[in-house]
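As the structure is a prediction and not an experimental result, all values here were calculated from the model.
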Amino acid sequence: MLMEGELSLVQVLLLALLPTLGTVLGVLLAEWRRPPEWLTGGALHMAAGLATAVAAIELIPRSQDRTETWIIAIALLVGACVSLGFYRISLRMQGGANGHSLIWGAYTAIAIDLFSDGLMTGGGSAVEGDLGVLLAASQVVGNLPGGFAITAGFRHAGFDRDKRLKAALSYAIVPVIGAAVGFLALNGAGDMLTGFVLALFAGLLITATVEDLVPEADQPGAPRHISSPSFAVGFVLLLLMSAYLA
């Protein structure tokens, strides 16, 4: 069984470390060896399936239980705009730079993504404990490629291992801050606001998955017989977690 009922702030902050776990696993993988392209593509498609399932199975139905459909529709659009905002901030962090500046820009972009992960974990936990756990757990697989990519970039730029590992460990604080913000904002909130925010999270996830994660998943060139089942496995995994662990 996942966590039932309300969670304390301390529990939520500990839960927010799960998104960082995926990033750290990616860092360790990059320190060890480069995985084959088909495996990278498959993992990203699996992450896309998980994110889609979170929006379709958990976030939107829970928002429908709490507020009107027209409010949900507006929230989905706002969520898409928030996703676009995060994307533009990430581009600005990386644009117009080269060398070490570009690497640190990419590092900051991943930190922004982790902050949004923590925000959703904290906000979901304020609604129901099991939702917070599902949101946090679903982000482990999705964050692995980012950790791999940034460490590979650090290695290519000539940073020593000690500095690379310190940079990776510093990621842990980012989703914790996001989780605190999300939890405190929604803890004790009314049904209308809660439903709006849950739908906003759904819009953010769907947009980021379709516009960012799926194109990134296609880049490694994973064959269709790998990518399609991987997407389905991710979706089904979240479905089973939602049905039998919540």
For this session: Flag the pair Leu198 / Leu131 as yes when at least one side-chain heavy-atom distance between them is below 4.5 Å, and no otherwise.
Result: yes

For this session: Would you sort out whether Val54 and Leu134 count as a side-chain contact (heavy atoms from CB on, under 4.5 Å), showing the intermediate values?
Result: CA-CA 8 Å; Val54 167; Leu134 286 171; 5.9 Å; no

Problem set entry | Note, Phe86 side chain near Leu204 side chain (heavy atom, < 4.5 Å) | yes

For this session: Evaluate the side-chain contact (heavy atoms from CB on, under 4.5 Å) criterion for residues Val127 and Leu186: first the C-alpha distance (whole Å), next the side-chain angles of each, then the deciding distance (0.1 Å), finally the verdict.
Result: CA-CA 7 Å; Val127 178; Leu186 278 189; 4.3 Å; yes

Problem set entry | Spacing of Phe196 atom CZ and Ile74 atom CD1 [to the nearest 0.5 Å] | 7.5 Å

For this session: Nearest 0.5 Å please: distance from the CG atom of Leu165 over to the OG atom of Ser170.
Result: 11.0 Å

Problem set entry | Joint cluster assignment, Leu15 & Leu13, ILVMFWY side-chain distance < 4.5 Å | yes

Exercise. Leu77: which other cluster members, linking ILVMFWY side chains closer than 4.5 Å, directly or transitively?
Worked result: none

Exercise. Transitively linked via ILVMFWY side-chain contacts under 4.5 Å: Ile72 with Leu193?
Worked result: no

Exercise. Below 4.5 Å, heavy atoms only, C-beta onward: do His45 and Ile226 meet side chain to side chain?
Worked result: no

Exercise. So, does Thr121 use its side chain to make a donor-acceptor pair with the main chain of Asp117 at under 3.5 Å?
Worked result: yes

Exercise. To the nearest 0.5 Å, what is the distance between CG (Asn143) and OG (Ser138)?
Worked result: 9.0 Å

For this session: Measure the OG-CG distance between Ser8 and Leu14 for me, rounded to the nearest 0.5 Å.
Result: 8.0 Å

Problem set entry | Close side-chain approach of Leu21 to Leu18, heavy-atom, < 4.5 Å | yes

Exercise. Does Glu68 have any side-chain contact (heavy atoms from CB on, under 4.5 Å) partners at least two apart in sequence or in another chain, and if so, which?
Worked result: Trp70, Ile71

Exercise. Is there a side-chain contact between Val214 and Thr209 (heavy atoms, below 4.5 Å)?
Worked result: yes

Problem set entry | Minimum-distance pair of heavy atoms, taken over all atoms of Pro19 and Ala16 | CD-O, 2.9 Å

Problem set entry | Distance, nearest 0.5 Å, that separates CE of Met120 from CG of Leu205 | 4.0 Å

Problem set entry | CG on Asp65 to OG1 on Thr194, rounded to 0.5 Å | 12.0 Å

Problem set entry | Hydrophobic cluster identity match, Ile206 and Leu50, side-chain contacts under 4.5 Å | no

For this session: Sequence neighbours left out, what passes side-chain contact (heavy atoms from CB on, under 4.5 Å) with Val12? Give chain and number order.
Result: Leu7, Ser125, Ala179, Phe183

Exercise. What pairs with Leu239 under side-chain contact (heavy atoms from CB on, under 4.5 Å), at least two apart in sequence or on another chain?
Worked result: Ile57

Exercise. With Ala202, which residues qualify under side-chain contact (heavy atoms from CB on, under 4.5 Å), at least two apart?
Worked result: Ala55, Leu59, Ile60, Leu76

For this session: Please write out which residues are connected to Val24 in a hydrophobic cluster, directly or through intermediates, given that two of Ile, Leu, Val, Met, Phe, Trp, Tyr count as joined at side-chain heavy-atom separations below 4.5 angstrom.
Result: Leu28

Exercise. Where is the tightest heavy-atom contact between Gly195 and Ser63, given as atom of each residue plus distance?
Worked result: O-CB, 3.2 Å

For this session: Please step through side-chain contact (heavy atoms from CB on, under 4.5 Å) for the pair Glu58 and Leu135, ending with a clear verdict.
Result: CA-CA 9 Å; Glu58 290 293 333; Leu135 287 170; over 6 Å; no

For this session: Let me see the working for Leu25 and Leu29 under side-chain contact (heavy atoms from CB on, under 4.5 Å), right down to the final yes or no.
Result: CA-CA 6 Å; Leu25 290 175; Leu29 181 60; over 6 Å; no

